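Since we're looking at a predicted model, the values are computed, not measured. Proteins get letters first, then strands, A, B, ... in listed order; numbering begins at 1 in each.
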There are 2 protein chains.
Amino acid sequence: MKLFKVPEPTIMRLSLYSRVLEQMEERGIPVISSVELGDAVGINSGVVRKDLSMFGEFGVRGVGYNVRELRDNIRRLLGQDRTWPIVVIGAGQLGSALAAYPGFRQRGFDITALVDVDAAKIGTDVQGIPVLSWDEATNMIQEKEIKMAILAVPAEDVQATAQKLVDLGIEAILNFSPVILKLASVQVQNVDLTVFF
Amino acid sequence: MKLFKVPEPTIMRLSLYSRVLEQMEERGIPVISSVELGDAVGINSGVVRKDLSMFGEFGVRGVGYNVRELRDNIRRLLGQDRTWPIVVIGAGQLGSALAAYPGFRQRGFDITALVDVDAAKIGTDVQGIPVLSWDEATNMIQEKEIKMAILAVPAEDVQATAQKLVDLGIEAILNFSPVILKLASVQVQNVDLTVFF
DNA sequence: CGCTGTGAAGCCTTTCACAGCT
DNA sequence: AGCTGTGAAAGGCTTCACAGCG
């Protein structure tokens, strides 16, 4: 167990392990070896062991890892053992799809509301998630102390919208608009959906 | 100019440079230095120069890089100088949003069709992109020699759908379903939309 | 003089093999 | 015997500084 500094690639992989363990847990499999876990995510078993060993000794030699225990530990490490409220800005096609994406809830993100400027959308809902005006959203963000936002607005509105969010106390922004967003003092993750091909 | 082996991080960054250069080009800026380009994407200028130098000598010492020329070169390197037809499998909320996402077209991906099994959706369109049945899609994929697909189907259908695509000759799959997809002999990129926080 | 192109050094991650526990 | 935890070595990427050219 080192814990001096955890490599970023390791953190990304923890996310993958978490998903596999979830499935194993559902299927009632009690124990998994590093080889099996590695195969499931498509990497070498040594990587799995090294990754896990950075946080503690979760395994049993000669046996493997207890699925539920390991899952719980990884969840805790990733901050997935609690629920994080988030807002989605932009109730267009992409924003609505992201709000409905089941993965967020599965990982402990609670999409509290969508926000839009279009009066025709305000007051409606997307699979039970309400679409709010900025006035309503401002109250909610401050009341519920929401710190994270997903941005899915037209390219030309991104920078101004992001600044508004920062002023409201948002600390992490996941930007899906096809524009590189830059902000000081806030954690910004730009996601270019086309970059993966 | 090395070209022995190009680091993956470099390729990811080329995508970013490409976007910035596009904007510069639109604004009519003829020349850009590595410092400016670096600032625009949030990295050190040395990285920019090293990245670009792997493919050739695009810059002029004492001056900088010709925006249009550099943009064209990067496009060519990324295979963005031609149009790639793709299909989106799953015309649900996420699939529709991806089909409508402007970034794909901007980067030379031509979304030819959506595919779904829901009879109520087949025959409709999403912003002008037709929703086809599997029979229709099978013909189109073979006729137009489509080699790439975006997967946005329910978790339980992912593996079977992917196999069907491979059998139809698809060579690259971008999987947005919240399931890790594994296939031999085909390039699969799993995108977990929640991994970024 | 300014900015590119690049070698060399430093740092971080992965790989490998095996000691050590059950 | 089986599988984990980990040190040591290898490999790859980034940083730095500067030579070289316009």
Side-chain angles (χ1 to χ4, degrees), chain A residues 1-18 20-21 24 29-74 77-78 195, chain B residues 1-18 20-21 24 29-74 77-78 195:
Chain A
M1 161 129 121
K2 281 290 158 54
L3 211 54
F4 293 116
K5 214 246 160 183
V6 179
E8 183 145 334
T10 294
I11 295 172
M12 292 300 228
R13 286 191 297 264
L14 285 181
S15 229
L16 300 180
Y17 303 153
S18 176
V20 172
L21 291 167
M24 297 290 167
I29 297 167
V31 172
I32 191 171
S33 73
S34 62
V35 175
E36 293 168 306
L37 189 45
D39 284 351
V41 304
I43 60 176
N44 180 288
S45 65
V47 179
V48 175
R49 290 199 299 280
K50 184 131 258 182
D51 283 344
L52 297 180
S53 74
M54 302 195 124
F55 303 99
E57 308 198 358
F58 300 132
V60 180
R61 288 163 201 243
V63 180
Y65 302 88
N66 178 304
V67 169
R68 177 182 307 225
E69 195 184 304
L70 185 57
R71 180 204 60 177
D72 290 345
N73 274 305
I74 292 180
L77 292 169
L78 293 175
V195 106
Chain B
M1 159 128 126
K2 281 291 156 57
L3 210 53
F4 294 117
K5 214 247 161 182
V6 179
E8 183 145 334
T10 293
I11 294 172
M12 291 300 227
R13 287 192 297 265
L14 284 181
S15 229
L16 300 179
Y17 304 153
S18 176
V20 171
L21 291 167
M24 297 290 167
I29 297 168
V31 172
I32 191 170
S33 72
S34 60
V35 175
E36 294 168 305
L37 189 45
D39 284 352
V41 303
I43 61 175
N44 181 288
S45 65
V47 179
V48 175
R49 291 198 299 281
K50 185 133 259 183
D51 283 345
L52 297 180
S53 73
M54 302 195 125
F55 304 97
E57 308 199 357
F58 300 132
V60 180
R61 289 163 201 247
V63 180
Y65 301 88
N66 178 303
V67 169
R68 177 181 307 223
E69 196 183 304
L70 185 56
R71 181 204 60 176
D72 290 345
N73 275 306
I74 292 180
L77 291 170
L78 294 175
V195 105

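Positionally, the nearest nucleotide of DNA chain C for B:Ser33 lies more toward the 5' end than for the other of A:Thr10 and B:Ser33. If you find the closest nucleotide of DNA chain C to A:Asp51 and to B:Lys50, the one lying nearer the 5' end belongs to B:Lys50.
Each of C:dT14, D:dT14, D:dA17 was ranked by its minimum atom distance to the side chain of A:Pro9; first place goes to C:dT14. For B:Lys5, the side-chain atoms get nearest to D:dC13 when compared with the rest of D:dC13, C:dG5, C:dC18.
Computed from coordinates, the A:Ile32 CD1 to D:dT4 P distance equals 10 Å when rounded to whole Å. Atom CE of A:Met1 is separated from atom P of D:dT6 by 9 Å (rounded to the nearest Å). Distance A:Glu57 CD to D:dG5 P: 6 Å, rounded to the nearest Å. If you take CD of A:Glu36 and C1' of D:dT4, they are 14 Å apart, rounded to a whole angstrom.
Residue contacts shown for A:Glu8 are limited to sugar-phosphate atoms, with no base heavy atom under 4.0 Å away.
Annotation: proximity of residues 38-47 of chain B to DNA chain C (heavy atom, distance under 4.0 Å) is found for no residue. Taking a 4.0 Å limit (strictly below) on heavy-atom distances, residues 58-73 of chain B reaches DNA chain C at B:Phe58, B:Gly59, B:Val60, B:Arg61, B:Gly62, B:Val63, B:Gly64, B:Tyr65.
At C:dC3, none of the side-chain N or O atoms of B:Ser34 fall inside 4.0 Å of OP1 or OP2 (strictly under the cut-off).
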